[in-house]
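Small disclaimer: the values here were computed from a predicted structure and weren't measured.
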Protein chains: 2
Amino acid sequence: MPFSGKISPLTIQRLSLYLRVLKEYAAMGKVAASSGEIAEATVSTAAQVRKDLSYFGSFGKKGQGYNIDELIEAIEGILGLDRRWKVALVGLGKIGQSLIQFKEFGQIGFDFVAIFEKDPEKIGKSFNGIPIYHIDEMPRVCEEETILIALVAVPAESSEEVFQRVLDAGIRGILNLSGRCCFKPPPHAFIKNVNVAAEIESLSYYLTHF
Amino acid sequence: MPFSGKISPLTIQRLSLYLRVLKEYAAMGKVAASSGEIAEATVSTAAQVRKDLSYFGSFGKKGQGYNIDELIEAIEGILGLDRRWKVALVGLGKIGQSLIQFKEFGQIGFDFVAIFEKDPEKIGKSFNGIPIYHIDEMPRVCEEETILIALVAVPAESSEEVFQRVLDAGIRGILNLSGRCCFKPPPHAFIKNVNVAAEIESLSYYLTHF
DNA sequence: TTATAATTGAGATAAAATTCACAAAAGCAC
DNA sequence: GTGCTTTTGTGAATTTTATCTCAATTATAA
């Protein structure tokens, strides 16, 4: 790795945002951007942008800002997006079905290659061109296909069991949409929780008190 | 309000998680829980749980922990969940369709009462029993129905314009699923961004570097 | 060649968030 | 009632994160 030390997860999330706006800029034909511009587009501050980048190296030119193509390449390298990732979907309910059709995953380098389900009705068929396996087959399929990332979209009740099985199948990164928010992963694995219900509850807090 | 001062958004998010596990406990018939138990269930720490709660009052009993029903009621009060909220869905694409069928919103007090769309094909009809209006009708409908919260699930390209129109319609809380991450709301409004693509990118970072 | 303006990178500083640590209850057993 | 155990609430200490500041660098234009 070209860098050392522990980086805050907040920095990582922001890099992802910076990358988005940089790609927008590139698509517009823009060649350079300053930390101030990037900050404004991501609701951040110039100092924050520079500090985040500085953990990984010096990518800008004093007086000139950042070359957009170079910075895109740098951030993609940092985030490990200079490759493609195979992803499994676990749970083909409403949410799973809608996410698997979501084109942005492919655009940013993540390919769904397997779906795992319990419902015998669905197994053996395919959805959106992706084969549906029984969840028992996860260890075999994930190994054969070298799948390291899973998107878990099962009902909250079954999620705890499913997390365990997913980790046992060799998955190291879980994107959890099950609504069951909290599961402590083993040290070699990572979980990101996306919880729309919790987010709307914080909106309620702010509307109530401000 | 029974409290003063600025509370960290991180505290608010965690209260939401605490509430979830407390409701699980209540459903199991449990009557009391300690900060340690709540912490374990939410992947937090006992001190963090106590500190978060302490910003709003004293809800526990020394040596005994927290009465679950009482604490649920307290947190619901804090978060403004001791009432029901009317919610608009803006954008009836795949994501919008799947979210509006998501039962948990109703269970936690949020009712979809209107859908706004641009597509003339859909307007005038209903989806899942909820009427579909043209987006131009938002100001009128939101006022008549006193809708203060909107879930925005439109394509990233149109989101900037849509945010503006949503705010102009009197909406004060936006849950943004458009993928376009960054929009600075005016001081009386609040935006919560949910960005699955950005989350999966951080997973890539961790798998690459650890 | 020299002034001018823009902007980075990073050390110093400030602010925010988390953890520590412990006195003060509260129940229980005897 | 006394001693033991549990667990809260909170001020203090620590750690983490964000902001500020400015010397150094680059391009530009006179």
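- In this structure, CG in B:Asp52 is found 4.0 Å from OG1 in B:Thr11, a value given to the nearest 0.5 Å.
- Ring pair A:Phe59/A:Tyr66: centre-to-centre distance not below 6.0 Å.
- We find that CG of B:Leu53 is positioned 16 Å from P of D:dT7, with the value rounded to whole Å.
- If you measure from atom CZ of B:Phe59 to atom P of D:dT10, you get 10 Å, rounded to the nearest angstrom.
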Inset, instruction - Would you mind building the protein contact string for nucleotides 25-30 of chain C? One character per nucleotide, 5' to 3', B for base within reach (heavy atoms under 4.0 Å), S for sugar-phosphate only, - for untouched. - result: BSS---
Inset, instruction - With side-chain contact (heavy atoms from CB on, under 4.5 Å) as the test, would you mind laying out the steps for B:Ile147 and B:Trp85 before giving the verdict? - result: CA-CA 8 Å; B:Ile147 303 172; B:Trp85 293 91; over 6 Å; no
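- Note: CD1 (A:Ile12) to P (D:dA18) measures 12 Å, nearest angstrom.
- Every pair passing salt bridge (charged side-chain N to carboxylate O under 4.0 Å, His left out) that includes a residue from residues 23-50 of chain B is listed here, sequence neighbours excluded: A:Arg180-B:Glu24, B:Lys23-B:Glu76, B:Lys30-B:Glu37.
- Ring pair A:Phe183/A:Phe163 is tilted by interplanar angle, where 30° to 60° counts as tilted.
- Residues meeting the ring pair (Phe, Tyr, Trp, His ring centres under 6.0 Å) test with B:Tyr25, sequence neighbours left out: none.
- Under the side chain to side chain donor-acceptor pair (under 3.5 Å) criterion, B:Glu137 pairs with B:Arg140, not counting sequence neighbours.
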Legend entry - B:Asn195/B:Glu199 under side chain to side chain donor-acceptor pair (under 3.5 Å): CA gap, chis, key distance, verdict: CA-CA 6 Å; B:Asn195 192 327; B:Glu199 299 294 337; over 6 Å; no
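- Contacts between residues 18-39 of chain A and DNA chain C, defined by a heavy-atom separation below 4.0 Å, involve A:Ser34, A:Ser35, listed by number.
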Inset, instruction - Determine, stepwise, if the pair A:Phe110 / A:Phe105 fulfils ring pair (Phe, Tyr, Trp, His ring centres under 6.0 Å). - result: CA-CA 5 Å; A:Phe110 296 85; A:Phe105 286 116; 7.1 Å; no
Inset, instruction - Summarise how protein sits on nucleotides 13-21 of chain C as a single string, 5' to 3': B when a protein heavy atom is under 4.0 Å from the base, S for sugar-phosphate-only contact, - for no contact. - result: ----SBBBB
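- Sparse packing is recorded around NZ of B:Lys94, with 12 or fewer heavy atoms of other residues, nucleotides or ligands lying under 6.0 Å away.
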